[in-house]
Amino acid sequence: MADAPKSATLTIGDDTYDLPIHSPTAGPDVVDIRKLYGQAGVFTYDPGFTSTASCDSTITFIDGAEGVLLHRGYPIDQLASKSHYLEVCYLLLYGELPSAKQLEEFESLVTNHTMLHEQMQYFYRGFRRDAHPMAIMTGVVGAMSAFYHDSTDIHDEHQREVASIRLIAKMPTIAAWAYKFSIGQPFIYPRNDLDYASNFLRMCFAVPAEDYEVNPILSRAMDRIFTLHADHEQNASTSTVRLASSSGANPFACIAAGIACLWGPAHGGANQACLEMLKEIGSPDRIPEFIARAKDKNDPFRLMGFGHRVYKNFDPRATVMKQSADEVLELLGVENNPVLAVAKELEAAALADPYFAEKKLFPNVDFYSGVILEAMGFPTSMFTPIFALSRTVGWISQWKEMIADPQNKIGRPRQLYLGETARDYVDIENR
Ligand code: CMC
């Protein structure tokens with residue numbers, strides 16, 4: 001972190017405190033309060049971290065007001081159109097775009113680690129068939145620490161690298177097998193002659209009884225979905241991974257924690273919730289009813305796929321996702337998809353409504369991803385697992401950055417205690 005030439009002054013009663021200000025390469029300045037408690041004996045209060053930077057990072061930058069998302073400085077729309085997922089993985093992990101040779105080596109490394117330990121199949125079989133694939137993924141990824149002992153020492157740089165490649169390589173197999181298990185079909189093993197996205201599609205949709213040819217259009221669309229979800233700076237699941245790993249936990253345990261957090265409908269679970277909502281709306285004439293419910297403070301319903309903590313302008317990932325939805329549905333010959341029709345009308349109706357304009361609520365990445373995934377043949381329960389497999393590289397990159405950071409400390413927030421003060425225990429007969 002650069003030296004702090006500026007400072008802020010905090011006055012509490014008669015005392016003043018100088019707090020250093022750090023200037024980032026992009027984004028707002030950051031007031032450094034690390035010494036505040038030691039000097040002034042007060043905590044700061046920021047539930048949900050709305051104004052708190054929990055770390056410094058060089059990986060991803062978001063300008064929410066302008067709708068900008070950069071990975072290592074490269075805009076997401078350029079990466080989505082010109083690059084591909086494994087190249088973006090390399091960029092996130094190592095900081096620069098790879099040379100042709102580096103990319104070839106990286107792709108080969110990932111491709112050659114896609115198989116799961118054979119014993120893990122029995123682990124799958126312990127779940128109920130109707131288990132949500134996210135529940136299975138949380139369990140299986142956490143269990144990797146019981147299968148890959150030689151990559152759990154976080155203080156060994158080589159082991160960290162091995163764990164990173166293992167997680168990125170095996171996550172499509174883990175997700176595809178969670179799906180296969182849920183529909184009672186045999187597990188399909190990965191194939192090293194296929195690219196990352198094609199391999200995943202084949203592991204989901206092939207059966208041993210007949211050949212399965214991967215449609216290159218679908219493979220490209222799948223790869224783009226992976227790319228659009230690859231990282232998103234200090235979001236809830238990434239912060240969960242960082243917090244879990246701050247205790248020194250092994251990488252598989254930390255990524256399992258990230259998957260668990262991602263599952264919630266306010267985060268990665270929104271893609272499943274959004275498609276279910278679009279289907280529940282069913283036809284454009286019911287849109288006003290749902291918009292009214294979303295605006296009603298007495299109704300917990302929210303428009304899923306709308307709003308974002310950071311984006312107060314359009315989500316750049318949603319723009320690419322919407323284009324992709326149009327292209328994919330047209331190429332699949334399903335451009336008259338009724339769910340897409342509801343999505344487009346709902347988007348237009350919400351954007352024209354003063355409630356959404358005043359609160360700066362725009363469609364987010366989850367608004368259109370489900371439409372594409374459903375057209376590709378995925379059930380809604382697989383939407384969030386696909387988000388999880390895509391985000392694994394982001395979690396890993398942030399985890400690696402954190403472990404290598406000499407400032408790394410156990411994460412331990414403070415609190416504003418509003419409970420009872422000390423009181424004497426009352427025997428049960430006297431209560
Ligand atoms: N529908 C209706 N009203 C909304 C919505 C929505 N989707 N989102 C926010 N609001 C209202 C909210 O009621 C609040 O109103 P008021 O100020 O009157 O109390 C105001 O907008 C601010 O909302 P907030 O909950 O304080 O904002 P937040 O930053 O804490 O929450 C969010 C962000 C994404 C959790 C929220 O917008 C939401 O629940 N959206 C729906 C779920 C969703 O699509 N999540 C995916 C996020 S993008 C993918 C990812 O990162 O995982």
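Both ligands and their constituent atoms are indexed starting at 1 by order of listing.
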Protein contact of atom 33 (C) of ligand 1 - nearest heavy atom, named by residue and atom, plus distance:
R309 N, 3.7 Å
Does R160 offer a backbone N or O that forms a donor-acceptor pair with the side chain of K400 under 3.5 Å?
no
When you measure from atom 1 (N) of ligand 1 to each heavy atom in L262, D366, L303, which option holds the nearest one?
L303
Within the 3.5 Å criterion, strictly below it, is a donor on R129 or S182 matched to an acceptor on the partner's side chain?
no
Tell me the protein heavy atom at minimum distance from atom 5 (C) of ligand 1, and give that distance in Å.
L361 CD1, 3.8 Å
Side chains of S246 and N408: is there a donor and an acceptor less than 3.5 Å apart?
no
Quick one: nearest non-hydrogen protein atom to atom 43 (C) of ligand 1, plus distance?
A270 CB, 3.5 Å
So, does S198 use its side chain to make a donor-acceptor pair with the main chain of L194 at under 3.5 Å?
no
Can the ring centres of F383 and F378 be said to be less than 6.0 Å apart?
no
The closest protein heavy-atom partner of atom 45 (N) of ligand 1 is A266 O, 3.0 Å
What residue and heavy atom of the protein are closest to atom 11 (C) of ligand 1, and at what distance?
Y355 OH, 3.6 Å
State, without any angle test, whether E96 and Y90 hold a side-chain donor-acceptor pair at a distance under 3.5 Å.
no
Using a distance-only test with no angle check, is there a side-chain donor-acceptor pair under 3.5 angstrom linking S283 and D285?
yes
For atom 47 (C) of ligand 1, what is the closest protein heavy atom, and at what distance to 0.1 Å?
N364 ND2, 3.6 Å
Note: K297, heavy atoms under 4.0 Å from ligand 1, region reported as side chain
Do N313 and E66 have side-chain N/O donor and acceptor atoms under 3.5 Å apart?
no
Just jot down the ligand 1 atoms closer than 4.0 angstrom to any heavy atom of F387, in number order.
52 (O)
Ligand 1 versus C274, non-hydrogen atoms closer than 4.0 Å: side chain, backbone, both, neither?
neither
Give me the residue, atom name and distance of the protein heavy atom closest to atom 40 (N) of ligand 1.
F306 O, 2.9 Å
Could you check L275, N271, T384 and say which one makes a side-chain contact (heavy atoms from CB on, under 4.5 Å) with D366?
N271
Tell me which protein heavy atom sits closest to atom 34 (C) of ligand 1, plus the residue, atom name and distance to 0.1 Å.
G307 O, 3.7 Å
Below 6.0 angstrom between ring centroids: does that apply to Y311 and F362?
no
Please check atom 8 (N) of ligand 1 for a protein heavy-atom neighbour under 4.0 Å.
yes
Within less than 4.0 angstrom of ligand 1, does F301 place any heavy atom?
no
Does the side chain of D29 come under 3.5 Å of the side chain of S23 through a donor N or O and an acceptor N or O?
yes
Within reach of ligand 1, part of F367 (heavy-atom separation under 4.0 Å):
neither
Ligand 1 atoms in contact with G305 (distance to a heavy atom under 4.0 Å):
43 (C), 44 (O)
Have a look at H232, K359, R302 and point out the one with the heavy atom closest to atom 23 (O) of ligand 1.
R302
By number and element, which atoms of ligand 1 are closer than 4.0 Å to a non-hydrogen atom of P265?
42 (C), 45 (N)
